[in-house]
Amino acid sequence: MRLIVEGVGHRYGALEVLDGISLTVAEGEIVAVIGPSGCGKSTLLGILGGLLEPSAGRILTDGAPPAGCLNPFTYVFQDFALLPWRSVAGNVAFALEHHRLTAAERERRVAEVLATTGLADFADALPKQLSGGMRQRVGIARALAVTPAVLLLDEPLSALDAQTRELLIEEFLALWPRHRTTAVYVTHNLDEALRLADRVCVLSRRPGRVREIVAVDVPRPERDGARLASLRDRLWRLIQDEARAADRERQPEILDAGDHR
Amino acid sequence: MMAPLRFRGGGFTIQPKRHTGWIAGLAVIAIWQGASSAGWVSPIFLPSPAGIAQALADMALSGQLWRHLAASLKRIVAGFVLGGSAGLAIGLALGLLSHVRAAGLPIISALFPIPKIALLPLFILWFGIGEPSKVATIALGVFFPMAIATYSGVDQVPRTLIRMAQSFDVPALAIVGKVILPGALPGILAGVRISASIGLVLVVAAEMIGAEFGVGAYILTAGNLMRTEDLLAGVCLLSVLGITVGFAVSAAERRLLGWRQ
Amino acid sequence: MRLLSIAAALALLATPALAEKTSLSVLKLASSGPVFLAQDLGHFAAEGLEVEFKFFAAAQPVAVAVVSGDAEFGVTGLTAGFYNLAGKGALKIIAGQSREQPGYKLSAYMVSNQAFAAGVRSPADFGGRSFAMTQVGSTFHYMIGLLAEKKGFDLSKNRLLALQSIPNMVSALQGGQADTAILPSTVAVPMMDRGDAKIVGWAGDETPWQLGALFTSPKMIDTKKATVERFVRAYKKGVAAYDLAFQKKGDQAATDKALDILARYTEQQKGAIAAGLPYIEPEARFSARDIAKQVAYWQAQGQADKSIEAKDIVVTTFVSSID
């Protein structure tokens with residue numbers, strides 16, 4: 001499924017956070033959105049998945065969702081958003097319970113995604129018994145269980161330590177070719193963006209506007225420090241000044257922004 | 001010159017001491033009995049533990065104990081179920097609906113501190129002097145802490161969990177049942193603990209209204225007749241009920257809230 | 001030297017001695033009239049006593065205050081609770097106070113409008129009817145017991161409703177939740193006037209009894225007997241003044257003055273006080289036989305401990321018994 005963003009703007013009262021965002025995400029493409037903190041990345045993601053209503057512009061989709069899709073726009077959250085009173089399997093099942101599925105079909109889906117994310121042995125564990133990395137694997141398994149058309153990942157690795165992050169990136173890269181799900185990946189981490197994305201969309205500081213969209217034209221398996229160095233430099237120069245300016249700004253109070261709890 | 005490093009840590013941590021509580025309790029009773037037996041404490045001012053035990057034994061042997069306990073428990077359970085479920089419903093509405101919160105919170109804050117005993121003459125007019133007025137007194141006392149505990153419990157549910165459920169298109173009613181209610185359960189159980197104690201306190205007030213039987217009526221009559229042994233025996237019964245309720249709520253918390261960190 | 005000490009002694013006698021401080025726990029009711037009169041007319045002062053009044057809202061705390069030592073004397077109605085305290089050797093009755101007496105409208109037999117319509121028209125019809133009272137063991141409880149005895153109905157067939165307070169009793173009677181009650185005239189008459197319930201008789205006319213008494217602790221009698229004697233002497237003068245003003249009624253000026261004093265102490269309207277004045281025996285005597293009957297009644301009802309001996313509760317050395 002293709003995703004078309006047309007002139008999307010958003011404001012929280014008097015505070016303008018996004019302005020004139022236009023972007024097309026092709027079927028099976030991963031687009032990373034980066035930008036300084038407070039540039040409206042998470043707001044944009046909320047709008048893409050229909051959790052927030054944009055103040056201006058519109059979102060269009062093109063094409064049919066994949067077979068067996070239960071929830072076309074599916075999120076993976078920064079803080080995992082797991083129900084602490086449910087087991088791993090229960091959390092995955094939560095995304096399926098309100099759909100008309102046979103019990104067998106539900107169990108099959110749960111077992112399948114737990115197997116692909118390496119959680120099969122942890123099906124009965126409670127979230128509190130898991131490490132951060134395992135919790136985010138549950139978050140990913142839950143997202144995969146509904147066979148999404150578009151995955152919306154909101155800084156999925158930023159709550160994890162560096163080693164875990166590295167492990168999960170590798171797993172994600174191994175997993176993704178199987179489904180080739182269209183994905184929008186919001187991050188403030190340049191390396192994550194460069195390792196995963198087909199294209200990187202750089203937003204300016206608030207109000208967020210598209211500064212540049214950079215294609216990562218190195219095949220994923222060949223992406224290493226040396227091959228990406230010049231691209232990394234270019235992106236860093238693009239966001240450096242914005243980041244510095246944003247860092248020195250006073251933080252406004254934003255009500256109900258995606259990443260504010 | 002070598003010297004061993006001086007240890008400066010330790011202390012300031014509370015460790016569970018299982019037997020100290022029992023020993024302290026028994027010591028207090030022993031000293032009390034000793035002072036009474038030695039004649040240092042007049043039985044008019046403070047009856048001896050043996051006297052209180054005798055009063056309890058007399059009550060148990062004559063069968064009055066069960067009659068009083070049964071009468072009071074019926075009222076407490078009925079009042080608790082009525083007031084508790086109403087408080088739960090109103091607390092949920094306060095937690096979830098903006099208009100209800102804006103209208104209801106000031107009303108609840110205004111009515112909560114009213115001493116229920118002051119309303120007894122009105123309750124007699126409204127509900128008569130039979131069981132309804134007694135149950136209503138307890139129900140009213142239970143309602144307010146339950147409503148407030150539920151409302152703040154709902155507020156404690158992380159908003160990201162609700163957004164997550166919405167992102168999977170979970171219907172609103174299922175969000176209340178599967179996310180908000182279990183998430184508010186710690187607050188609700190805290191409310192149960194407080195309101196159960198309040199119910200026990202209010203049984204004395206409720207049984208001011210022409211009750212023939214009941215622990216509260218027994219205490220009141222003992223007070224009116226200046227039978228201090230009986231009075232304290234009744235108070236002991238209430239304490240035992242209170243401790244039992246406390247244990248029951250703790251057991252429920254261990255069973256239902258094991259998922260907490 | 002001797003001369004000097006004699007002179008000092010004379011000087012001590014000549015200058016008025018510092019008044020001895022004592023205290024009295026009491027209700028703000030017209031039945032406490034004698035102590036208010038004794039205070040206001042200077043009878044306590046004349047005995048060299050400076051009496052501090054400690055006011056309470058119910059009979060029970062008045063007695064408890066004397067037991068706890070918060071007051072040295074108390075004057076109020078006699079309840080089962082009082083006898084249980086007295087039975088433990090904590091209280092002694094030393095003089096009489098109010099009595100229910102024919103012709104004195106102190107406590108009214110009341111019937112709810114509903115019960116009245118259903119045929120409860122006189123105290124004789126109280127049998128089998130629900131009866132509102134303040135507390136188990138209260139004076140109201142005793143009076144319904146006396147009535148049952150006189151009219152020959154079985155009290156165990158009446159539903160006795162202990163409602164703990166007079167406002168609760170009024171509510172129950174108004175709403176018809178209680179068929180009958182006994183209420184003080186100050187409450188009963190306004191209720192009747194408002195049409196909220198009916199008065200069908202007066203306890204004084206049906207069952208006269210010793211309602212109230214002056215009491216103190218045994219310790220006071222043992223250690224400060226002189227003080228007790230002076231207190232009782234002043235109290236008797238207060239009773240005499242009460243008798244003159246309200247019972248003999250020879251002197252209108254004295255009646256008016258006494259009414260003024262009572263109105264000031266009780267903070268009630270003069271009309272209401274005058275309508276509900278109790279009878280008080282002119283020499284502050286009490287009936288020891290009636291006290292013994294009360295104790296026996298409560299013991300029979302299981303409200304008073306069997307070990308209580310009525311003769312140990314009363315002291316007739318300060319004021320003699322009527323019997």
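Chain identifiers are assigned alphabetically (A, B, ...) following the order of the sequence lines, protein sequences preceding nucleic acid strands; residue numbering begins at 1 within each chain. Since this is a predicted model, take the numbers as computed values, not measurements.
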- Item | chain B contact via A/R86 - side chain, backbone, both or neither, heavy atoms under 4.5 Å | side chain
- Sort A/L82 into side chain, backbone, both or neither according to what part of it lies under 4.5 angstrom from a heavy atom of chain B. backbone
- Task: Look at atom CZ of B/R101 and say whether more than 12 heavy atoms of other residues, nucleotides or ligands are closer to it than 6.0 Å.
- Result: yes
Over all atoms of both residues, closest heavy-atom pair of [X] and [Y]:
X	Y	answer
B/S167	A/Y75	CB-CD1, 3.6 Å
B/M164	A/L83	CE-CD2, 4.0 Å
B/Q166	A/L51	CB-CD2, 4.1 Å
A/P84	B/L161	CD-CD1, 4.1 Å

- Considering only heavy atoms, give the residues of residues 57-69 of chain A separated from chain B by less than 4.5 Å, sorted numerically, with 'none' for an empty result. none
- A/H98 NE2 to B/I175 CD1 distance, which is reported to the nearest 0.5 Å: 8.5 Å
- Message: Nearest 0.5 Å, please: how far is CD in A/Q78 from OG1 in B/T160?
- Response: 10.0 Å
- Query: Of the listed residues (A/F73, A/W85, A/F77), which shares the most heavy-atom pairs with chain B below a 4.5 Å separation?
  - Reply: A/W85
- Take A/V146 and B/F168, measure what side chain to side chain contact (heavy atoms under 4.5 Å, CB included) needs, and give me the verdict at the end. CA-CA 9 Å; A/V146 294; B/F168 282 102; 4.0 Å; yes
- Query: In terms of heavy-atom pairs under 4.5 Å, which option from B/P171, B/P182, B/A165 contacts chain A the most?
  - Reply: B/P182
- Item | Proximal to chain A - members of residues 235-252 of chain B, heavy-atom separation under 4.5 Å | none
